[in-house]
Amino acid sequence: MADGLLQVLTVPTAPYPDQRPGTGGLRKKVHVFQSRRNYLHNFIQSIFSSIDLRDRQGSTVVVGGDGRFFNRTAIGVIVQMAAANGVGRMIIGHHGMMSTPAISCVIRKYKAIGGIILTASHNRGGPDGDFGIKFNTANGGPAKEAVTNKIFQISRTIEEFAICPGLHVDLTTQGKQMFDLENKFKPFTVEIVDSVESYANMLRNIFDFAALKELLSGEKHINIRIDAMHGVVGPYVRRILCEELGCPVNSAVNCVPLEDFGGQHPDPNLTYAADLVDSMRDGQYDFGAAFDGDGDRNMILGKHGFFVTPPDSVAVIADNIFCIPYFQHTGVRGFARSMPTSAALDRVAKANKIELYETPTGWKFFGNLMDAGRLSLCGEESFGTGGDHIREKDGLWAVLAWLSILATKKQSVEDILKDHWLKYGRNYFTRYDYDNVDIDTACEMMEDLEMMIIDKSFVKQRFAVEDKIYKVEKADNFEYTDPVDSTISRNQGLRIIFSDGSRIIYRLSGTGCDVATVRIYIDSYEKDQVIVHNHDLVMLAPLATIAVKISQLHHRTGRSGPSVIT
């Protein structure tokens, strides 16, 4: 080997049987990646090996993460393996951090073959927390099932991986770093880039920043409260909302990313963002928002902590979509929601004669529709909202969308929602999460429940709770045929649909690490203007009673109630 050239090694390894990527990639406890020999290396090699060598050779790959514990260690390994696997250039966020929406933006901007995102999203961080690895493809979106299946199959038979152990990258200094490897004609290049700027520039081309600056720092400005929950989006909030749009610095809290998210659960909902909710109660702030660890999820609050459900949020954005200049130029191609998400968006689509798609959970399904030019705006009940500017849900984009609506309509969040309900009626919606359920118990319960509801005798059954009677009109295990490529996705959730349009949906979460989360979604439509302002949990109580009774969930799991209600 010539002096100065870095050596590329091929290291023997043995496969692990549990490296199947879920909707959010491969997620495990940190100690799994730390304690199992070559566990990280195997999965990274499986990602690179899933890409044809001709496409890999000399290509660009983007890497970034949400800053959680083990992030920098993993990046060091990924860079060494990328170099050894023929990648020509790595683009990495400063200090190894970049939000998931920003990574999608950067993949598309630099025409990379893909990106590796180091995040476990809204799961806890720290040495005792979770770590995750997700692969996004050249469109900037999560890999499709065919790709993740290929990665999994490779991981089950892997015998060796390639690595350049002498290559060490400095994540603290922006700019290019060049490395000469043996058997390589061109240097391997690593670019450490500003994590915010490319993404911020994209937003400048989507929204009217002058109007937003007037709303947030003008003579009649509103007061806002933004909680970054010590996730990666903190620097984005500071740079865009505070420095550029003029919000006072003290309107943004928890903006320093921490490896353990300050010991908190970086999940933007009423349970885990309780500090934000409490700070909004006295009416000091007109608008509030929180984000998750990697910045793709969001929660919207109005004055006095008025909560906007994620299904209502995407429906309101859809109904006011031309408050956003981007859509004035592109037009609207279609709307979409995940199956468990309430049908509030459907009513806006129908009234405006816009195509509505109902997909399984997972942003890759939306991405396929966007790539085909069929979709402009979409959302999931799990606090995810986004447009076709990238191929990921986008928390800060959703906040700027809401602020654009406030700037145009000059109404409060609560008044906008109430006007929306008067116009379309209201879809009451909630989700009950039963966390840490024994996996065998959860699967057995779901199998028995499916057998019961698909029986022909189940349809037309009536369920009475107090003075309400619900008649089953349809029951199935949701199946989706992609209108773009005709691929079929089966077993996407058990649905019970009643004659009044109400729905009960059961799913097992795909993002847990060691145990199952049983999720029950309840959606009920009300158009009576007298009661559209009633409390959602009161309105949904009869359906919740039916949902627990049908599944026998409390009896079978030994639980008296859900872990979290969102």
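All values below come from the heavy atoms of this structure, side chains included, with hydrogens, waters and symmetry mates left out.
Summarising the geometry of Asp194 relative to Glu197, their closest heavy-atom pair is OD1-N, 3.1 Å, with the distance given to 0.1 Å. Shortest non-hydrogen contact noted between Pro101 and Lys393 is CG-O, 3.5 Å. Looking at every heavy atom in both residues, Met229 comes nearest to Tyr272 through CE-O, 3.3 Å. What you find for Pro257 and Pro235 is that their closest heavy atoms are CG-CD, 3.8 Å. Closest of all the heavy-atom pairs between Ile113 and Asp55 is CG2-O, 3.8 Å. Contact detail for Ile324 and Ala401: the closest heavy-atom pair is CD1-CB, 3.7 Å.
The side-chain heavy atoms of Trp402 and Asn298, taken from C-beta on, include no pair separated by under 4.5 Å. Side-chain contact between Val332 and Phe322: present, with at least one pair of heavy atoms (C-beta onward) separated by less than 4.5 Å. Contact annotation: the side chain of Leu203 approaches that of Trp397 to within less than 4.5 Å [non-hydrogen atoms, C-beta and beyond]. Contact check for Val484 versus Asp371: no side-chain heavy atoms found under the 4.5 Å cut-off. Side-chain atoms of Ile133 and Ile116, non-hydrogen and from C-beta on, do get closer than 4.5 Å to each other. The closest side-chain heavy-atom distance from Arg27 to Ser121 is below 4.5 Å. Ile206 is not listed as a side-chain neighbour of Leu400, based on a closest heavy-atom distance of 4.5 Å or more. Side-chain contact between Ile317 and Ile405 is present, with heavy atoms from C-beta onward closer than 4.5 Å.
A side-chain donor-acceptor contact under 3.5 Å links Asp523 to the backbone of Ala343. Looking only at distances, no side-chain donor or acceptor of Ser195 sits under 3.5 Å from a matching main-chain atom of Met98. Panel note: side chain Ser59, backbone Arg56; a donor-acceptor pair is recorded below 3.5 Å. Checked by atom type and distance alone, the side chain of Asn368 never pairs as donor or acceptor with a backbone atom of Lys364 at under 3.5 Å.
The stretch residues 211-226 participates, sequence neighbours left out, in these side-chain hydrogen bond (donor to acceptor under 3.5 Å, both in side chains) pairs: Arg225-Tyr285. Every pair tested for ring pair (Phe, Tyr, Trp, His ring centres under 6.0 Å) that includes a residue from residues 76-116 fails, sequence neighbours excluded, so the list is empty.
Taken from CG in Leu216 to SG in Cys242, the straight-line distance is 9.5 Å, to the nearest 0.5 Å. Taking CG of Asp294 as the reference point, atom OG1 of Thr119 lies at 3.5 Å (rounded to 0.5 Å). The distance from the CG atom of Asn201 to the SG atom of Cys105 is 8.0 Å, given to the nearest 0.5 Å. Note that CG of Leu356 is 8.5 Å distant from CZ of Phe335, once rounded to the nearest 0.5 Å. For the atom pair Asp296 CG and Leu396 CG, the distance stands at 12.0 Å (nearest 0.5 Å). Atom CD of Gln45 sits about 10.5 Å away from atom NE2 of His41, to the nearest 0.5 Å.
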Working for side-chain contact (heavy atoms from CB on, under 4.5 Å), residues Asn320 and Leu406
CA-CA 10 Å; Asn320 297 279; Leu406 296 181; over 6 Å; no

Begin with the C-alpha distance, continue with both residues' side-chain angles, and end with the deciding distance and a verdict on side-chain contact (heavy atoms from CB on, under 4.5 Å) for Phe188 and Val79.
CA-CA 10 Å; Phe188 172 71; Val79 172; 3.8 Å; yes

Might you work through the side-chain contact (heavy atoms from CB on, under 4.5 Å) test for Lys111 and Thr60, ending with a clear yes or no?
CA-CA 8 Å; Lys111 296 180 170 54; Thr60 298; over 6 Å; no

Run Thr359 and Leu369 through side-chain contact (heavy atoms from CB on, under 4.5 Å) and show every step you take.
CA-CA 10 Å; Thr359 74; Leu369 292 165; 4.1 Å; yes

Evaluation steps, side chain to side chain donor-acceptor pair (under 3.5 Å), between Glu392 and Asn136
CA-CA 10 Å; Glu392 283 280 5; Asn136 280 27; 2.8 Å; yes

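The salt bridge (Lys or Arg N to Asp or Glu O under 4.0 Å) search around Asp482 returns none, not counting sequence neighbours. In terms of the side-chain contact (heavy atoms from CB on, under 4.5 Å) criterion, residue partners of Asp388 (sequence neighbours excluded) are, by chain and number, Tyr326, Phe327, Arg333, Met370, Ser376, Arg391. When the ring-ring contact (aromatic ring centres under 6.0 Å, His included) test is applied to Phe366, the partners found at least two apart in sequence or on another chain are Trp363. In terms of the ring-ring contact (aromatic ring centres under 6.0 Å, His included) criterion, residue partners of Phe33 (sequence neighbours excluded) are, by chain and number, Tyr39, Phe131. Residues passing the side-chain hydrogen bond (donor to acceptor under 3.5 Å, both in side chains) test with Thr137, sequence neighbours excluded: Asn139. Partners of Glu244 under the side-chain contact (heavy atoms from CB on, under 4.5 Å) rule, at least two apart in sequence or in another chain, are Arg204, Phe209. Considering only residues two or more places apart in sequence or on other chains, Phe261 meets the ring-ring contact (aromatic ring centres under 6.0 Å, His included) condition with none of them. Ala344 meets the side-chain contact (heavy atoms from CB on, under 4.5 Å) test with Asp312, Ala315, Ser342, Asn427; sequence neighbours excluded. Contacts of Ala289 classified as side-chain contact (heavy atoms from CB on, under 4.5 Å), with partners at least two apart in sequence or in another chain: Ile226, Phe287, Ile300, Val399. Qualifying ring-ring contact (aromatic ring centres under 6.0 Å, His included) partners for Tyr236, counting only residues two or more places apart in sequence or in other chains: Tyr199.
Counting only N and O atoms by type, the side chains of His389 and Asp394 include a donor and acceptor under 3.5 Å apart. Ser198 and Lys109 form a side-chain donor-acceptor contact under 3.5 Å, judged by distance and modelled atom types alone.
Test Asp267, Asp292, Asp66 against Arg297 for salt bridge (charged side-chain N to carboxylate O under 4.0 Å, His left out) and you get one pass: Asp292. Here the options are Arg68, Arg72, His230, the test is side chain to side chain donor-acceptor pair (under 3.5 Å), and the partner is Glu259; only Arg72 passes.
A salt bridge links Arg281 with Asp278; the closest basic N to acidic carboxylate O contact falls under 4.0 Å. Salt bridge absent: Glu380 and Arg337 never bring a charged side-chain N and a carboxylate O closer than 4.0 Å. Note on Glu191 versus Arg89: salt bridge recorded, some NZ/NE/NH1/NH2 to OD/OE distance being below 4.0 Å. Taking a cutoff of 4.0 Å between a charged side-chain nitrogen and a carboxylate oxygen, Asp130 and Lys29 qualify as a salt bridge.
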